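Step one of this worksheet: look at the structure below.
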Amino acid sequence: MVFEFPKNFYWGSATSAHQVEGGNINDWSKWEKANAKRLAKEAKEKWQPWQQKRFPEMFNPGNYISGQACDHYNRFEEDFDIAKSLGHNAYRFSLEWSRIEPEEGKFNDKEIEHYRKVILALRQRGVEPFVTLWHWTNPLWVREFGAEENKKFIFYFNRYVKFIVENFKDLVKFWITINEPTSLIMNSYLMGLWLPQKKSIFSVLRIYKNLAQAHNQTYDEIHKIDPSAKVGFANVLIFWESFNKNSILDQLGMRLGKYFSNQKFLNLTKDKHDFLTCQYYFHNRIKFPGKIKNENKEASDLNWEIYPKGIYHILKDLQKYNRPIYITENGLADVDDSKRAKFIKDHLFWVAKSIQEGVNVRGYFYWSLLDNFEWDKGFWPRFGLLEINYKTLERKVRPSAYFYRDICIANGITEDIMSKYKNLLE
Ligand code: BGC
């Protein structure tokens, strides 16, 4: 064994409803239609020449409309068969609130039936469902009253969660209340990139509070319905460093960044986590006040730096909370699959090292099972273990997915696996 993982480790991948299902009518789908042309136009300033050349679809407004996405809504059994054949024993996905409660207070039994089938399909294949209750999208009526910015959100979200958990408590053990509150806050309310495109520190603070209360209340509510349930939220964690270790200002920038991105929501929801999560994508070396100066020796198609060791520091940081940890997202956009296998191996190396040093990591979910709709960037970034042909909706297993399969099955990385996939790892 090159490195080994604990017994009963969960190996899988993750998706979210709006990014893969297709056919959703919610606040995001509405925003996409209104903004597709603008986003296609702005691609020229946003992306570097090599990216523009490689992904000309970024200039097409259609790229920015989720539409039928991967049609996972109808093809989930096919996708789960593939996931199972790839050695996965867990799958993280989200429920789409706008399907379940399209009008205020009117819950749709047919959609509950649909998600019951989805969860049963996983169970029948021996795949543990990790269910996200809210991955950023809202029914239109929720957006009308201001969604997460309005305190009412807490009441309605809680009522929706109660309904869900009552329906599925016999089938689901792991619940994730909210996906990456800080990514949403930063993109939607500080940088003005995502709907409702605000740049307001007051909104930022209000939403931290509302989402934390929403988490805290639903945490209690879920436990009232099912005391044995395991509840947490999905936390994006950035590895922060100061650009100049001797600069007090850079240190301050680093601490502020770390506090707002990694820490604040955890503090606001203290004691309401049965497990912690880590969604790792970013390393930020910060030069005061807010410039990010990374070396970017290696980068993904989105030009996000690949920095595997960061996950080790983050996991070591989480150790003090004394809770089981699940890595509920980690992945990269890599259309030709030339970096994915090495990316997975290198990140898992640092995860394994943290485990050897006593960190209680119990699962790893690669983002994502499928290529999917990457929010304001649309379809061009390709995160999937499976490649999607968006015209025919055909799924094709990428070579790195077989490498990951062998790791899942071996519950570790062996010399044999390393030599079998030597070509992919160079
Ligand atoms: C989100 C996903 C997103 C992924 C890659 C995470 O922040 O939860 O929805 O697709 O990162 O950007």
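Throughout, numbering of the chain's residues begins at 1 and tracks the sequence. Ligands are counted one by one from 1 in listed order, and the atoms in each one are counted from 1 as well. The model shown is predicted, which means the values in this text are computed figures rather than measured ones.
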For this session: Inspect the surroundings of CZ in Arg255 and state if more than 12 heavy atoms from other residues, nucleotides or ligands are less than 6.0 Å away.
Result: no
For this session: With sequence neighbours excluded, tell me which residues meet salt bridge (charged side-chain N to carboxylate O under 4.0 Å, His left out) with Lys396.
Result: none
Seminar exercise, completed: Applying salt bridge (charged side-chain N to carboxylate O under 4.0 Å, His left out) to Lys272 and not counting sequence neighbours gives Asp220
Problem set entry | side chain to side chain contact (heavy atoms under 4.5 Å, CB included) between Val131 and Phe168, intermediate numbers included | CA-CA 10 Å; Val131 180; Phe168 297 135; over 6 Å; no
Seminar exercise, completed: Residue shell for ligand 1, any heavy atom closer than 4.0 Å, reads Gln19, His135, Trp136, Asn179, Glu180, Gln279, Tyr281, Trp304, Glu329, Trp367, Glu374, Trp375, Phe383
Problem set entry | Ion pair Glu357/Lys353, N-O distance below 4.0 Å | yes
Exercise. Who are the side chain to side chain donor-acceptor pair (under 3.5 Å) partners of Asp376, not counting sequence neighbours?
Worked result: Trp194
